[in-house]
Amino acid sequence: MAQELGIPEFEGWIRAFAAAVAEHRDELTTLDSAIGDADHGTNMDRGMAAVVAALDGGPPADGAALFKLVGATLVSKVGGASGPLYGTFFLRLAGAGGSGPWDAGTVAKALRAGVEGVVARGKAEPGDKTMLDALLPACDALEAALAAGQPLADALGAAATAAVEGRDATKPLQARKGRASYLGERSIGHVDPGATSAALLVEAAATALVPAQG
Amino acid sequence: MAQELGIPEFEGWIRAFAAAVAEHRDELTTLDSAIGDADHGTNMDRGMAAVVAALDGGPPADGAALFKLVGATLVSKVGGASGPLYGTFFLRLAGAGGSGPWDAGTVAKALRAGVEGVVARGKAEPGDKTMLDALLPACDALEAALAAGQPLADALGAAATAAVEGRDATKPLQARKGRASYLGERSIGHVDPGATSAALLVEAAATALVPAQG
Amino acid sequence: MPRVGLVVVSHSRPLAEAAVTLARQMLTGADVAVEVAAGTDDGGLGTDAFAISEAIAAADSGDGVVVLMDLGSAVLSAETALELLADDVRDRVLLSAGPLVEGLIGAVVVAAGGADRDRVAAEALRGLAPKQAHLGG
Amino acid sequence: MPRVGLVVVSHSRPLAEAAVTLARQMLTGADVAVEVAAGTDDGGLGTDAFAISEAIAAADSGDGVVVLMDLGSAVLSAETALELLADDVRDRVLLSAGPLVEGLIGAVVVAAGGADRDRVAAEALRGLAPKQAHLGG
């Protein structure tokens with residue numbers, strides 16, 4: 001059982017993500033003011049604060065219920081595109097991860113399902129300068145590391161590194177989705193705020209989704 | 001000078017039209033409730049009441065000024081399509097009629113210019129079930145009667161008859177302009193409210209644009 | 001006679017409500033179920049997939065619902081809302097790419113006339129046609 | 001840098017004002033001249049060609065104005081308004097067949113970025129493109 005994850009780790013991940021969003025709120029908003037409508041930090045912080053408040057009310061029954069709660073709260077509380085995108089991520093994560101304890105394979109499968117939900121919802125492609133530019137490399141790195149036999153903690157570390165690199169790689173890209181797409185070439189030269197919050201999400205996973213030492 | 005028209009006749013026409021619109025307000029609204037948004041009677045009555053109020057403030061300097069005042073008031077006070085359409089009619093009438101006294105030829109020329117303004121503004125064609133279905137036959141009848149040597153009073157009488165016949169002929173037509181066009185075949189079987197108010201306008205002209213007996 | 005419902009999804013509640021008022025003014029007699037899902041619950045600008053799913057359910061009387069949305073992120077929320085609905089309701093819902101205000105007006109008029117869902121959706125889609133015909137001609 | 005102005009013509013003043021509020025929320029930093037001509041002077045639904053001509057004149061700073069309208073009769077009023085303007089102003093005005101809300105949002109964003117009148121008008125015209133690309137794909 002030492003390699004399995006449950007409510008404490010899941011909750012740790014979500015709370016770590018909420019804390020990171022709160023810490024980086026102004027940075028996200030500044031990034032968004034360059035190419036978006038300057039509300040990404042505020043919106044995500046409002047949504048994750050609502051998630052934390054819901055968790056403070058008592059832990060959900062299992063992982064599926066927990067991530068469904070997170071997704072439903074984000075869908076409802078985050079007004080912009082981030083609401084349905086992050087909300088769909090967690091709703092699909094809940095569905096694919098299921099209610100039992102998760103092992104490394106479940107983590108990879110659930111993350112991939114969440115990211116595919118973001119793809120289906122937003123219809124963005126790699127290189128469109130969106131959160132997917134952090135999430136897709138993270139999934140790939142996680143799966144490759146697990147396939148190479150690395151433990152989950154190391155694999156998640158590789159995923160976080162890939163997410164950060166993917167985030168940074170959005171800087172020279174031209175936006176093709178959302179409000180930033182109106183800017184055309186003027187969106188070039190700014191890191192995408194969605195990819196930035198997505199990297200925070202993967203980094204929080206690397207910190208928190210660590211199986212308790214048995 | 002017995003065959004010439006001036007401010008008294010022009011003002012008589014406008015006041016007669018305003019009185020006719022007020023008298024038929026509910027009828028126009030009922031017609032409009034069958035195929036439009038039920039505001040033609042109210043809108044036209046509000047506009048013509050504002051015109052009468054403006055005229056009560058004292059007569060304009062000449063015919064052009066008078067009809068310009070009428071057009072400007074309708075453009076500003078009649079909220080729906082009738083405002084710009086009737087407004088354009090009177091503005092063009094003012095431009096073509098000029099400021100001097102009008103003879104029969106001026107009446108025909110000015111009316112034709114006003115109707116062409118309605119055509120240009122609304123881009124409707126004969127048979128589209130609009131006010132043009134009353135106005136165009138009226139112009140044609142007026143010109144034909146004058147060309148045949150009839151006096152203006154008789155020619156305007158012929159124009160009024162043609163306008164009423166044109167109005168009645170809108171009943172079997174299918175609307176192709178404005179809100180009524182959404183109804184498709186269901187607009188068939190109702191007289192057009194715009195053609196009805198336009199017939200009132202021509203009938204008022206036949207009554208009022210009568211040269212004073214010298 | 002079919003009774004197709006309409007849902008207006010906007011980031012702005014005043015915008016959605018004004019659009020519905022304007023569209024209803026085109027009706028005389030017959031009314032249409034038009035629900036609004038707009039703005040955040042604190043009165044700000046945004047959309048809420050749960051509110052949208054509730055609005056769709058409220059507008060649905062079994063003959064289908066056409067949803068109009070203002071911006072791209074409203075479309076994402078509406079698509080998320082579909083996932084929250086029961087299968088039979090979801091299958092009756094059509095998300096329209098038509099113009100919010102112009103599409104709503106045409107859709108309301110034909111829905112009040114008893115048009116079926118696909119006819120209402122077609123009218124919403126061609127909402128710009130009268131303007132285009134006039135200005136482009 | 002060009003400063004293209006925008007005018008929103010609607011039968012409903014609350015609708016026009018909410019659309020402007022929503023569009024301005026897309027701006028960070030640079031602002032754009034957006035004028036409203038909407039509703040009758042007694043607060044009812046309607047348009048007023050004189051009010052439109054004044055709004056156009058107020059939005060014009062010499063680099064042109066793009067006008068968005070809600071319905072067919074608003075287009076008639078806007079065309080009438082053009083006749084009331086001085087020739088040099090009228091020549092800089094473009095009446096757009098684009099969608100009122102969606103077109104305004106795109107137009108405001110590119111106008112704030114310094115686009116010229118034809119570029120702003122093009123963005124207004126393609127206001128539905130993001131929704132169509134997403135829903136039609």
Side-chain angles (χ1 to χ4, degrees), chain C residues 8-26 36 38-39 43-47 67-79 82 94-106 109 121 124-137, chain D residues 8-26 36 38-39 43-47 67-79 82 94-106 109 121 124-137:
Chain C
V8 180
V9 178
S10 173
H11 284 65
S12 160
R13 176 160 285 271
L15 176 62
E17 289 178 348
V20 173
T21 300
L22 180 59
R24 279 200 202 281
Q25 193 258 344
M26 304 291 278
V36 162
L45 295 169
T47 56
V67 182
L68 286 147
M69 299 143 287
D70 58 358
L71 297 177
S73 54
V75 177
L76 302 191
S77 282
E79 288 181 331
L82 292 186
L94 199 143
L95 305 184
S96 170
L100 185 75
V101 173
E102 299 90 337
L104 179 66
I105 287 166
V109 173
L125 265 187
R126 65 175 288 285
L128 299 184
K131 281 198 286 191
Q132 286 165 343
H134 193 90
L135 288 166
Chain D
V8 181
V9 178
S10 173
H11 284 63
S12 160
R13 175 160 286 270
L15 175 63
E17 288 177 349
V20 173
T21 300
L22 180 59
R24 279 200 203 281
Q25 193 257 346
M26 303 292 277
V36 162
L45 296 169
T47 56
V67 181
L68 286 147
M69 299 142 288
D70 58 0
L71 297 178
S73 54
V75 177
L76 301 192
S77 282
E79 288 181 331
L82 293 185
L94 198 143
L95 305 185
S96 171
L100 185 75
V101 172
E102 300 89 336
L104 178 67
I105 287 165
V109 173
L125 265 188
R126 66 175 288 284
L128 298 184
K131 282 198 286 190
Q132 285 166 343
H134 193 90
L135 288 167

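Naming: A, B, ... by sequence-line order, numbering from 1 per chain. Bear in mind that the values here come from a model prediction, so they are computed numbers and not experimental data.
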Please round to the nearest 0.5 Å and tell me the distance separating atom CG of D:Leu22 and atom CG of C:Leu71.
-> 5.5 Å

Per-residue contact mode, D:Leu125 against chain C (heavy atom under 4.5 angstrom) = neither

Check whether [X] gets within reach of chain D through its side chain, its backbone, both or neither, counting any heavy atom under 4.5 Å.
{"X": "C:Pro14", "result": "both"}
{"X": "C:Glu17", "result": "neither"}
{"X": "C:Leu95", "result": "both"}

Donor-acceptor contact present, side-chain D:Glu102 to main-chain C:Leu100, <3.5 Å = yes

Are the side chain of C:Lys131 and the backbone N or O of D:Val75 linked by a donor-acceptor pair below 3.5 Å?
-> no

Can you find a heavy atom in the side chain of [X] that is under 4.5 Å from one in the side chain of [Y]?
{"X": "D:His11", "Y": "C:Gln25", "answer": "no"}
{"X": "C:Ile105", "Y": "D:Asp70", "answer": "no"}
{"X": "C:Pro99", "Y": "D:Leu128", "answer": "yes"}

